[in-house]
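Inspection log for the structure reproduced underneath, given as C-alpha cells.
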Amino acid sequence: MVIHQAKTLEEAVKLRHEIENSAYLAGGTEVLRLNSSVDSSAELIDISALLDASISIDGDKLIIGAGATLQSIKECELVPEFIKDAAAFCSSFEKRNMATIGGNVALKRDDSYMLAALLAAEAEVVIECHAGEKVKPLSVYISKNCKGVVKAIRIAAGRKGWAKKIAITSSSHATLIAAESEGMYAISASGSPVAFGRDREIYKNIEFVSDLRGSAEYKKYLASVIFEGRR
Ligand SMILES: Cc1cc2nc3c(=O)[nH]c(=O)nc-3n(C[C@H](O)[C@H](O)[C@H](O)COP(=O)(O)OP(=O)(O)OC[C@H]3O[C@@H](n4cnc5c(N)ncnc54)[C@H](O)[C@@H]3O)c2cc1C
C-alpha cells in the first residue's frame, strides 16, 4: 500500500488530481478496512493531520471541521440534537471515535449516517479545490465527482429537526434513514440515491429497490409511516 504524506491541503489536492487511482486518508475507517468500497490498490493521500477537527460557532453558522469525528460531534453541546443523533447512527464507539464527518460526506453512501440529516439542515461544504477554496451547498457537492478536500461543513446554528434510522439492529446497515429540518426533508434508502426537498412526499419519487435490507415495498411503507405519520 502506498501512502503519501501531504504537507498541505493544496499539495494533497494536487496529488489527488495527479494520481488517477487515489483516495484521501482521514479517519481511515473505510479506506483501511477489508472489502472497502475504495479500491484496495488506490494510493492513499494522508490528510488526517491537516484537517481541522474543531466545532465552533461563527456568527449565525455552526462550523464543523472535516476532521471532527462522529464521537466529537455526538458529544458537542453546540451541535443540534438531530445532527448528534445522526452521528450516533454509527453504533460502534471505536468507529465513531475515528470516522470523520468529511469522510462520511465524501463517501455519499446510500446508508450514510450523516447525509440525510445534513441535507435536511441545508448544509454547505467548504472545499479546497485545485482552484482554491470554494463553498457549495451539500446538495450540489453530492451531485459532482469532486476531487477536492472537504475542509468543513456549515449549517445554521440552532437548526431544529429530527433524524431516524431504521435497521434490523442498531449496528446493522440502515434500511432507511430519514430526516427533517425546518420544512426540508431528506431520505436515504439502501440501493437508491438520496432524495431531498421541501415536499413531504419526496419519498414517492424514489425508486425503492429490494435487497438484503428489505423489499422495495417495505422501504416505501417505512418511508410513508415516517413522513405521513408525523403530519
Ligand atoms: C464495518 C463498517 C461499517 C460501516 N458502515 C457504514 C454505514 O452504515 N454508513 C456510513 O455512512 N458509513 C459506514 N462506514 C464507513 C465509515 O466508517 C464512515 O462513513 C466514516 O465517516 C468515513 O470517514 P473516515 O474519516 O473514516 O473516511 P476514510 O476511510 O479516511 O475515507 C473514506 C473516503 O472519503 C474520502 N475522504 C475522507 N476525508 C475526506 C475529506 N476531508 N475530503 C474529501 N474526501 C475525503 C476518501 O478519499 C475516501 O474515499 C462503515 C465502515 C466500517 C468499517
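Note that ligands are numbered from 1 as they come in the structure, with each ligand's atoms numbered from 1 the same way.
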Heavy-atom side-chain contact between Ile63 and Asp52 under 4.5 Å: no
Practice prompt. State, yes or no, whether a side-chain contact exists between Glu201 and Glu228 at a heavy-atom distance under 4.5 Å.
Written response: yes
In the protein, what heavy atom is nearest to [atom], and what distance, to one decimal place, separates them?
atom: atom 46 (C) of ligand 1; result: Tyr24 O, 3.1 Å
atom: atom 53 (C) of ligand 1; result: Arg33 CD, 3.0 Å
atom: atom 49 (O) of ligand 1; result: Val38 CG2, 3.6 Å
atom: atom 9 (N) of ligand 1; result: Asp111 O, 3.0 Å
atom: atom 14 (N) of ligand 1; result: Arg109 NH1, 3.4 Å
atom: atom 5 (N) of ligand 1; result: Tyr113 OH, 3.0 Å
atom: atom 17 (O) of ligand 1; result: Thr29 OG1, 2.7 Å
atom: atom 15 (C) of ligand 1; result: Glu30 OE1, 3.2 Å

- Message: Could you check whether Arg213 and Ser190, counting side-chain N and O atoms only, form a donor-acceptor pair closer than 3.5 Å?
- Response: no
- prompt: When you look at NZ of Lys160, are more than 12 heavy atoms from neighbouring residues, nucleotides or ligands closer to it than 6.0 Å?
  reply: no
Does a sphere of radius 6.0 Å around CD in Glu207 hold more than 12 heavy atoms from other residues, nucleotides or ligands, not counting ones at 6.0 Å or beyond? no
Item checked: Test item, Gly148 contacting ligand 1 (heavy atom, 4.0 angstrom) -> yes
Does ligand 1 have any atom sitting under 4.0 Å from a heavy atom of Ile47? yes
Tell me whether Glu81 is salt-bridged to Lys84, with the criterion being a basic N under 4.0 Å from an acidic carboxylate O. yes
Would you say [X] and ligand 1 have an N/O pair spaced under 3.5 Å apart?
X: Val31; answer: yes
X: Gly27; answer: yes
X: Val150; answer: yes

Under 3.5 Å, which donor-acceptor pairs do the side chains of residues 85-100 form with other protein atoms, sequence neighbours left out?
from: Ser91; atom 1: OG; to: Ser170; atom 2: O; distance (Å): 3.4
from: Ser92; atom 1: OG; to: Glu94; atom 2: N; distance (Å): 3.4
from: Ser92; atom 1: OG; to: Lys95; atom 2: N; distance (Å): 3.0
from: Lys95; atom 1: NZ; to: Tyr113; atom 2: OH; distance (Å): 2.8
from: Arg96; atom 1: NE; to: Gln71; atom 2: OE1; distance (Å): 2.7
from: Arg96; atom 1: NH1; to: Cys90; atom 2: O; distance (Å): 2.9
from: Arg96; atom 1: NH1; to: Ser91; atom 2: O; distance (Å): 3.4
from: Arg96; atom 1: NH2; to: Gln71; atom 2: OE1; distance (Å): 3.1
from: Thr100; atom 1: OG1; to: Gly103; atom 2: N; distance (Å): 3.0

Closer than 4.0 Å to some heavy atom of [X] - which atoms of ligand 1 meet that?
X: Ala23; value: 47 (O)
X: His173; value: 3 (C), 4 (C), 5 (N), 7 (C), 8 (O)
X: Ala106; value: 34 (O), 35 (C), 36 (N), 43 (C), 44 (N), 45 (C)

Practice prompt. Tell me, with the steps shown, if Leu138 and Leu115 meet side chain to side chain contact (heavy atoms under 4.5 Å, CB included).
Written response: CA-CA 9 Å; Leu138 176 61; Leu115 218 46; 4.1 Å; yes
When you look for heavy atoms under 4.0 Å from ligand 1, do you find them on the side chain of [X], its backbone, both, or neither?
X: Ala26; value: both
X: Lys95; value: side chain
X: Leu32; value: neither

Any side-chain to backbone donor/acceptor pair from [X] onto [Y]? Under 3.5 Å, distance only.
X: Arg198; Y: Gly183; result: yes
X: Lys219; Y: Thr175; result: no
X: Ser36; Y: Glu30; result: yes

Taken in chain and number order and not counting sequence neighbours, the residues that satisfy ring-ring contact (aromatic ring centres under 6.0 Å, His included) with His173 are none
Out of Thr100, Asn104, Leu50, Leu9, the nearest non-hydrogen contact to atom 11 (O) of ligand 1 is supplied by Asn104
Nearest heavy atom to atom 28 (P) of ligand 1, choosing from Gly103, Ala152, Gly28, belongs to Gly28
May I ask you to check if Lys108 and Tyr141 form a cation-pi contact, with NZ or CZ under 6.0 angstrom from the six-membered ring centre and within 45° of the axis? yes
